[in-house]
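For reference, the structure discussed in these notes is given below.
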Amino acid sequence: QQKANMSGWLGENPVFVIKPDNLETLTTLATPNLQERADKLLLALGKTTGKLGQFHKRSSTWISVAWCIDDEELDEIISFLTSGYARIISGETFDSGDHYKITPAGWLRIEELKKTGADYNQGFVAMWFDDSMTPIYDAAIAPAILDAGYKPHRVDKREHNAKIDDEIVAQIRKSRFVVADFTGHRGGVYYEAGFAQGLRLEVFWTCRKDMMDDLHFDIRQYNCIDWEPDKLPEFRKRLTNRIESVLGKGTYRTE
């Protein structure tokens, strides 16, 4: 499976240079779920489609595109895309082999995927913008995201000329995941976490330990990382480990 992951990832990142100091990145890649692998194949077909209704002959390269181990796994991905109430692709068998085209539902799915940033290295941070939280962001949350190989983004740290609500939505769409810290129980954090989930982005839940009991009922079901102000190195490490265990090591570097 790791060989399949490496093949798929390198196909998506052709400018990546393999070196001794970045081999760990390739050997710790998380395996995408069925939906994510199907979306990868769909997006690849969309990029090479010149017109609506165009058929694509099944290719051996699709195994790598969909992060599959072999043809049997690819069969399952294609079956997933061609079945259900809203078929994403449809297939026909010609003399030269199996061919597939993107259905109208498939094009709508592609438009939806392009609005999100699943291929970005950015991690959006939703949190209370109180002065007391600045050291938490600077010493734990931002470094944890960087340690995991992703770029942290907090909307108040970026210069922009847009309405703040629009900027938040735009940046979440561009992100690979969201870190939502519920310390202070700000309504905006709950909204941003919910919006991210609606986009099928991963959300990493955190909260100061003495405020955990006040978490909204809907949030308590998630595995929330609690933290204490005098134990920030521990919080940083736990958040890094959580991100890497779910998404794998990112490739963003500050240098």
message = Quick one: does any side-chain atom of Ser79 pair with a main-chain N or O of Asp75 as donor and acceptor, under 3.5 Å?
response = no

task = Applying salt bridge (charged side-chain N to carboxylate O under 4.0 Å, His left out), name anything that partners Asp210, two or more places apart in sequence or on another chain.
result = Arg208

ask   = Has the side chain of Gln54 got a donor or acceptor atom that lies under 3.5 Å from a matching backbone atom of Gly50?
value = yes

key: Full working for side-chain contact (heavy atoms from CB on, under 4.5 Å) between Phe80 and Ile88   = CA-CA 9 Å; Phe80 176 74; Ile88 300 301; over 6 Å; no

Set of salt bridge (charged side-chain N to carboxylate O under 4.0 Å, His left out) partners for Asp71, sequence neighbours left out = Arg58

Output a table of donor-acceptor pairs, distance under 3.5 Å, between side-chain atoms of residues 190-205 and any protein atom two or more places apart or on a different chain; print 'none' if there are none.
{"from": "Tyr190", "atom 1": "OH", "to": "His185", "atom 2": "ND1", "distance (Å)": "3.3"}
{"from": "Tyr190", "atom 1": "OH", "to": "His216", "atom 2": "N", "distance (Å)": "3.2"}
{"from": "Gln197", "atom 1": "NE2", "to": "Tyr222", "atom 2": "OH", "distance (Å)": "3.2"}
{"from": "Trp205", "atom 1": "NE1", "to": "Val203", "atom 2": "O", "distance (Å)": "3.1"}

ask   = Counting only heavy atoms not in Asp213, do more than 12 sit closer than 6.0 Å to its CG atom?
value = no

task = Give a yes or no on whether Leu108 and Leu81 share a hydrophobic cluster (residues Ile, Leu, Val, Met, Phe, Trp, Tyr; joining criterion: side-chain heavy atoms under 4.5 Å apart).
result = no

task = Could you check if a side-chain atom of Val179 sits within less than 4.5 angstrom of a side-chain atom of Phe124, using non-hydrogen atoms only?
result = no

ask   = Residues in side-chain contact (heavy atoms from CB on, under 4.5 Å) with Val189, at least two apart?
value = Ala126, Ala180, Phe182, Arg186

query = Between Cys68 and Ile77, is any pair of side-chain heavy atoms under 4.5 Å apart?
reply = yes

request  = Write out all pairs satisfying ring pair (Phe, Tyr, Trp, His ring centres under 6.0 Å) with one or both partners inside residues 35-60, taking only residues at least two apart or from two chains.
outcome  = Phe55-Phe94

inquiry  = With heavy-atom distances below 4.5 Å as the criterion, would you say the side chains of Cys224 and Leu215 are in contact?
reply    = yes

Contacts of type side chain to side chain donor-acceptor pair (under 3.5 Å), residue Gln35, not counting sequence neighbours = Asp39

query = Got a sec, which residues hit side chain to side chain donor-acceptor pair (under 3.5 Å) with Asp147, two or more places apart in sequence or on another chain?
reply = Arg236

query = Is there a donor-acceptor pair under 3.5 Å between the side chain of Asp70 and the backbone N or O of Glu73?
reply = yes

note = For Asp130, the side chain to side chain donor-acceptor pair (under 3.5 Å) test, sequence neighbours excluded, returns Ser132

remark   = Sequence neighbours excluded, the answer for side chain to side chain donor-acceptor pair (under 3.5 Å) partners of Ser59 is Thr61

inquiry  = Among residues at least two apart in sequence or on other chains, which ones pass side-chain contact (heavy atoms from CB on, under 4.5 Å) with Lys57?
reply    = Ser96, His99

task = Decide, yes or no, whether a salt bridge links Glu92 with Lys101 under the criterion of side-chain N to carboxylate O below 4.0 Å.
result = no

ask   = Between Tyr100 and Gly91, which heavy-atom pair has the shortest distance, and what is it?
value = CD2-CA, 3.4 Å

inquiry  = Working note: Ser64 + Ser7, criterion side chain to side chain donor-acceptor pair (under 3.5 Å); need CA distance, chi angles, decisive distance, verdict.
reply    = CA-CA 6 Å; Ser64 176; Ser7 178; 2.9 Å; yes

note = Sorted by chain and number, sequence neighbours left out, side-chain contact (heavy atoms from CB on, under 4.5 Å) with Asp230 holds for Glu228

Residues that Ile225 engages under side-chain contact (heavy atoms from CB on, under 4.5 Å), provided they are two or more places apart = Thr206, Phe235, Arg238, Leu239, Arg242

message = Within the structure provided, determine whether Val178 and Val125 are in side-chain contact (heavy-atom separation under 4.5 Å).
response = no

Flag side-chain contact, heavy atom, 4.5 Å: Arg37 against Thr31 = yes

